[in-house]
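The block underneath contains the structure these notes are about, expressed in structure tokens.
Reminder, nothing fancy here: chain letters follow the sequence lines and each chain counts from 1. Computed from heavy atoms alone, side chains included, the values below leave out hydrogens, waters and symmetry copies.
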Protein chains: 2
Amino acid sequence: MPPTAFEPHDHSSCVSDGVAAVERHCAEHKLQFTKVRRRVLEILLNQHKAWGAYEILDKLREEGLGSQPPVAYRALDFLVSHGFAHRIERLNAFIACTHFDTHHAPAFLICRSCNRVVEAESDPRAGELGRAAQSAGFVIERTVREAEGLCPACVGRASA
Amino acid sequence: MPPTAFEPHDHSSCVSDGVAAVERHCAEHKLQFTKVRRRVLEILLNQHKAWGAYEILDKLREEGLGSQPPVAYRALDFLVSHGFAHRIERLNAFIACTHFDTHHAPAFLICRSCNRVVEAESDPRAGELGRAAQSAGFVIERTVREAEGLCPACVGRASA
DNA sequence: CACAGATCGTTATATAATTACAGGAGACGT
DNA sequence: ACGTCTCCTGTAATTATATAACGATCTGTG
Ligand SMILES: [Zn+2]
Ligand SMILES: [Zn+2]
Ligand SMILES: [Zn+2]
Ligand SMILES: [Zn+2]
């Protein structure tokens, strides 16, 4: 199952499915899926890129949903803490989770040319980090795995 | 070869060996290892933790080596771009490289309790990132691999 | 309604990083 | 030694990212 967001796809379903899944999850877990939180999730889902907090804030401001940084950061904190979105450390930016149902340690592929970001599943105990941790007796609680480079489309464009 | 910095070791040699190796490399490659650059490297080597740019700047200021942010950032840029130091994205901070001779894609173990950071070697093509990239046709140029958790000493302390 | 807890609106502040430009020190060919 | 070029430095100003603090408002519950 290769990542799909680098390829053409029916993107409107990315948005609607994403919102619907979170809506369901919130209802089941008695979480408040408020207007701002919903809108921020929609913004994140709207493109497969990582959004800076202030970019999101600008959108909210245009729509009269809030104008100060804490408004955006609180909504993002909610989404991230419940696994509906992820923070991309390399970019100081945020992206909607594309498989938030599973309890996961995400990894990301970031295209430096078109800025698209794709989330891949990953096992935190696998790979070099896990091996190094094990041999050092280190207990991993959270991992950051981000790869920067060129997506297939941009590689083609560059070498064409 | 397990990482060593979580264990007791002769730390004075960490500093002197590190400076000497960089000094040699700069001489061989006609790079200018200026006073500020050397001092910043020494500061980084002084503890196995990640230093914020402004922490370093404070030290430089005390010593009359510069007082404005660009002084610290320029030295750090030099060190990072030549592989003598690494940026820890998760912490917005910097650490001296512990095996800068080899052409490498580093991975880090970050203890959230004692703040020690250990660098492990890693192959960028291995692990989940590499697999995901390959199946997506993505060309990796740089990776961020950072694990946060508890080092052996701090795990012991917590469960004791 | 009365209450507790979560959420929101707003101001101010903290922290991290970059831009821009003038000046200085060394390398280098003449 | 002289000019000249390049890299390095000093400093002010600004931009970008994130959090603290506090009162007001909403939401569900008895
Ligand atoms: Zn899509
Ligand atoms: Zn691309
Ligand atoms: Zn040491
Ligand atoms: Zn520790």
Side-chain angles (χ1 to χ4, degrees), chain A residues 22-23 25-41 43-44 49-82 84-95 115 144 146, chain B residues 22-23 25-41 43-44 49-82 84-95 115 144 146:
Chain A
V22 170
E23 194 155 44
H25 184 99
C26 286
E28 281 168 12
H29 294 77
K30 310 217 186 218
L31 299 173
Q32 299 186 39
F33 194 35
T34 65
K35 197 146 65 167
V36 178
R37 291 171 179 179
R38 168 188 290 265
R39 187 63 191 121
V40 170
L41 178 65
I43 292 168
L44 291 178
K49 72 154 195 170
W51 294 77
Y54 281 75
E55 283 182 287
I56 290 172
L57 182 57
D58 286 344
K59 286 237 164 203
L60 294 178
R61 192 176 281 140
E62 285 169 16
E63 301 170 9
L65 276 173
S67 61
Q68 300 304 321
V71 173
Y73 280 102
R74 285 195 284 235
L76 289 166
D77 283 349
F78 171 84
L79 295 172
V80 169
S81 67
H82 291 92
F84 306 146
H86 300 293
R87 179 182 165 83
I88 308 291
E89 299 292 343
R90 174 70 181 133
L91 304 175
N92 293 335
F94 301 84
I95 190 166
N115 296 313
V144 177
E146 297 167 359
Chain B
V22 170
E23 193 155 45
H25 184 98
C26 286
E28 281 168 12
H29 294 76
K30 311 218 185 217
L31 299 173
Q32 299 187 38
F33 194 36
T34 65
K35 197 147 62 167
V36 178
R37 292 170 177 179
R38 166 187 291 264
R39 186 63 191 121
V40 170
L41 178 65
I43 292 168
L44 291 178
K49 72 154 196 170
W51 293 76
Y54 282 72
E55 283 183 288
I56 291 172
L57 182 58
D58 285 344
K59 285 236 165 205
L60 294 178
R61 192 175 282 140
E62 286 169 16
E63 301 169 8
L65 275 173
S67 61
Q68 301 302 321
V71 174
Y73 281 102
R74 286 194 285 235
L76 288 166
D77 284 349
F78 171 83
L79 295 173
V80 168
S81 67
H82 291 93
F84 306 146
H86 300 293
R87 180 182 164 83
I88 308 292
E89 299 293 342
R90 175 69 181 135
L91 303 176
N92 293 337
F94 301 83
I95 191 167
N115 297 312
V144 177
E146 298 166 0

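The side chain of R37(B) has dT9(D) as its nearest neighbour among dT9(D), dA17(C), dA18(D). Taking every side-chain heavy atom of P70(B) into account, dT19(C) is the closest of dT19(D), dT17(D), dT19(C).
Remark: P of dT27(D) and CG of L31(A) are 16 Å apart, rounded to the nearest angstrom. Distance CD (E63(A)) to C1' (dC8(C)): 17 Å, rounded to an integer number of Å. Across the protein-nucleic acid pair, Q68(B) atom CD and dT14(D) atom P stand 14 Å apart, rounded to whole Å. For the pair L76(B) CG and dT18(C) P, the computed distance is 11 Å after rounding to whole Å. Following rounding to the nearest Å, F78(A) (CZ) and dC8(C) (C1') show an atom-to-atom distance of 14 Å. Here dT9(D) presents its P atom at 12 Å from CG of D77(B), a figure rounded to the nearest Å. Distance, L79(B) CG to dC8(D) C1': 14 Å, rounded to whole Å. Rounded to whole Å, atom P of dT17(D) lies 11 Å from atom CG of D58(A).
One finds the CD atom of E55(B) at 3.5 Å from the NZ atom of K49(B) (value rounded to the nearest 0.5 Å). Considering CZ of F78(B) and OG1 of T34(B), their distance stands at 7.0 Å, rounded to 0.5 Å. Annotation: the span from F94(B) atom CZ to F84(B) atom CZ amounts to 15.5 Å, rounded to 0.5 Å. From H86(B), atom NE2 reaches atom CG of L44(B) across 11.0 Å, with rounding to the nearest 0.5 Å.
The side chain of T34(A) contributes an N or O atom lying less than 4.0 Å from OP1 or OP2 of dC8(C). A close approach under 4.0 Å does not occur between any side-chain nitrogen or oxygen of R74(A) and OP1 or OP2 of dT10(C). Taking side-chain N and O atoms only, R61(B) has no distance below 4.0 Å to OP1 or OP2 of dT11(D).
Y73(A) contributes no side-chain N or O that forms a donor-acceptor pair with the base of dA20(D) under 3.5 Å. The base of dA17(C) sits within donor-acceptor range of the side chain of Y54(B), with an N or O pair under 3.5 Å.
Under a 4.0 Å N-O distance rule, the pair R74(B)/D77(B) does not qualify as a salt bridge.
Nearest-nucleotide mapping onto DNA chain C: of P69(B) and K30(B), the residue sitting toward the 5' end is P69(B). When each of V36(B) and N92(B) is assigned the nucleotide of DNA chain D with its nearest heavy atom, V36(B) is the one assigned upstream, toward the 5' end. For the pair Q32(B) and A53(B), both in contact range of DNA chain C, the more 5′-proximal nearest nucleotide belongs to A53(B).
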